[in-house]
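In what follows, chains carry the letters A, B, and so on, assigned in the order in which the sequence lines appear, proteins first and then strands, with residues in each chain numbered from 1.
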There are 2 protein chains.
Amino acid sequence: MRMEILTKGDNEGVQKDIIEKLRDLIDYKNLEPGDKLPSERMLSEKFGVSRSNVREAIQKLEFFGILKSKPQSGTFIANIGQIAMKGMLEDILKLEDPGFKSLVETRILLELKTVKLASLRRTEEDLQKIRETLDAYKEKVLNGKDAVQEDLLFHLAIAKASKNSTMNTFMLIITPEIITNFEKYHVCDSDQSFMGIQEHEDIFEAIKKQDPQLAREKMKVHFKTLYQYCYNT
Amino acid sequence: MRMEILTKGDNEGVQKDIIEKLRDLIDYKNLEPGDKLPSERMLSEKFGVSRSNVREAIQKLEFFGILKSKPQSGTFIANIGQIAMKGMLEDILKLEDPGFKSLVETRILLELKTVKLASLRRTEEDLQKIRETLDAYKEKVLNGKDAVQEDLLFHLAIAKASKNSTMNTFMLIITPEIITNFEKYHVCDSDQSFMGIQEHEDIFEAIKKQDPQLAREKMKVHFKTLYQYCYNT
DNA sequence: GAATTAAAATTGGTTAACCAGATTGGTTTG
DNA sequence: CAAACCAATCTGGTTAACCAATTTTAATTC
């Protein structure tokens with residue numbers, strides 16, 4: 001499931017229907033956090049869908065922290081408060097698919113932070129890993145080859161060095177969609193990559209020097225070039 | 001599944017084992033993006049696990065955009081390039097559970113951005129929704145009640161008004177864990193909430209005036225109070 | 001009548017059989 | 001020889017039966 005599963009689900013709306021019915025049930029029965037939901041069997045019968053579909057919907061709500069399944073016991077509403085739970089349910093149902101702009105905006109935000117954190121927190125091992133991805137990138141570019149993947153691995157290595165697991169996870173979630181869109185819109189073709197080498201080197205040097213402000217500046221420059229290439233063609 | 005599923009999986013490591021085996025298989029068979037994976041049945045037999053476990057592992061990798069299942073056809077490696085795919089697989093296997101610090105850091109980063117975007121992009125309807133959550137928050141606080149949930153719904157309403165679906169999704173993902181940790185560490189108990197009212201009002205006014213810089217400043221003030229309360233007790 | 005224990009029912013998880021649509025290979029047909 | 005066709009096969013998805021752990025209920029004991 002790509003990111004779309006957060007909105008569409010596997011079956012193009014079936015999950016959404018089930019979540020809506022679950023919300024109605026919670027409202028109708030006035031279920032509160034900590035309460036037990038009816039069993040999967042009862043829900044599948046009540047909603048007229050398969051038990052697997054019910055399970056998938058429950059898993060999705062578990063992912064968002066609203067439900068919690070206990071083996072051989074039942075599915076419970078998480079202890080996040082009734083109002084928060086209901087508000088979040090509504091928000092989840094209204095989630096839209098992220099467009100390219102949304103992804104790029106978020107990526108830039110995340111990376112301007114991860115590069116600062118990486119400057120402060122990177123170990124020597126992190127630094128070496130980043131260096132390796134940078135060398136792989138350089139080799140590809142100097143041989144005139146496409147290096148979009150190596151580019152992104154460099155950025156992911158920085159995210160990992162930031163020591164912030166949440167941001168690292170989020171970067172991993174959006175990266176494949178970024179790649180897909182880059183290839184779709186032919187961003188990052190060969191010629192601008194030569195500039196990219198120096199930009200990457202600058203970022204690496206700033207992280208090595210443990211200068212967060214400089215690192216952020218260099219990352220900003222890097223994204224500016226990307227942006228220009230992206231929107232001026 | 002809470003956020004931990006991104007690292008642990010449902011069965012505390014079974015999924016991780018399967019993903020490692022999938023990685024080895026991809027290496028061994030030298031599978032490239034676009035190639036078809038062996039069928040779920042074959043994989044479950046080859047790995048000595050149930051087909052459901054294989055399906056869950058595949059779903060997880062679909063979520064991260066590395067695989068793509070086509071009904072009645074097969075599971076394929078996404079077109080994100082072989083190097084990116086392999087690098088991401090390694091990163092996913094190494095993901096750690098996010099601690100409280102990681103969550104708060106990410107939340108602040110996201111919200112300082114969403115509040116700026118909301119200032120620029122909010123419709124009248126968005127504004128009204130934000131107002132409603134603020135009023136609900138005020139009422140609770142003025143009655144001396146706990147208002148953590150209403151607080152967070154206010155922030156989620158801003159995220160929604162930012163019109164950035166990715167950031168909105170990420171906010172929804174981290175919110176339940178934030179709530180859980182807040183209650184765990186007794187952050188945000190009643191007395192500081194009175195300050196919170198004015199801070200929320202200030203943020204609301206900035207969004208209403210469509211002044212992104214002011215909105216960001218007021219949000220920063222809001223988080224500073226939170227931080228102080230959080231770490232000085 | 002209260003505490004203890006055992007058995008019956010209920011639960012999420014697992015397994016295996018089944019389904020409809022897609023794929024494939026060989027055959028037929030022009 | 002190529003294109004069209006069809007049936008056998010393979011696919012992810014679905015369904016239903018099954019499992020072991022848990023929870024509830026009822027019986028037993030003091």
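- L43(A) has its CG atom 13 Å from the P atom of dG13(C), to the nearest Å.
- Ring geometry, F100(B) versus F182(B): the interplanar angle exceeds 60°, so the pair is classed perpendicular (tilted spans 30 to 60°).
- When each of R41(A) and S73(A) is assigned the nucleotide of DNA chain D with its nearest heavy atom, R41(A) is the one assigned upstream, toward the 5' end.
- In this structure, F47(B) atom CZ and dT14(C) atom P are separated by 17 Å, rounded to whole Å.
- OP1 or OP2 of dG13(D) has at least one side-chain nitrogen or oxygen of R55(B) nearer than 4.0 Å.
- Remark: side-chain polar atoms of E150(B) are not paired, donor with acceptor, to backbone N or O of Y137(B) under 3.5 angstrom.
- Taking atom NZ on K36(B) and atom C1' on dT9(D), their separation rounds to 11 Å, with Å as the unit.
- One finds no salt bridge joining E90(A) and K86(A) here, because no Lys/Arg side-chain nitrogen approaches an Asp/Glu carboxylate oxygen to under 4.0 Å.
- Side chain of N181(B) to backbone of E177(B): a donor-acceptor contact under 3.5 angstrom is found.
- Of all the residues in residues 18-30 of chain B, not one reaches under 4.0 Å from DNA chain C with any non-hydrogen atom.
- Here the C1' atom of nucleotide dG13(C) and the CG atom of N53(B) are 9 Å apart, to the nearest Å.
- Base engagement by S52(B) is indicated by at least one non-hydrogen atom pair under 4.0 Å involving a base atom.
- Contact of Q72(B) with dG21(C) (side chain to base): no donor-acceptor pair of N or O atoms is detected under 3.5 Å.
- Judged purely by distance below 3.5 Å, without hydrogens or angles, the side chains of S102(A) and S165(B) never pair a donor atom with an acceptor atom.
- Taking the salt bridge (charged side-chain N to carboxylate O under 4.0 Å, His left out) definition, one finds that K21(A) meets it with nothing, sequence neighbours left out.
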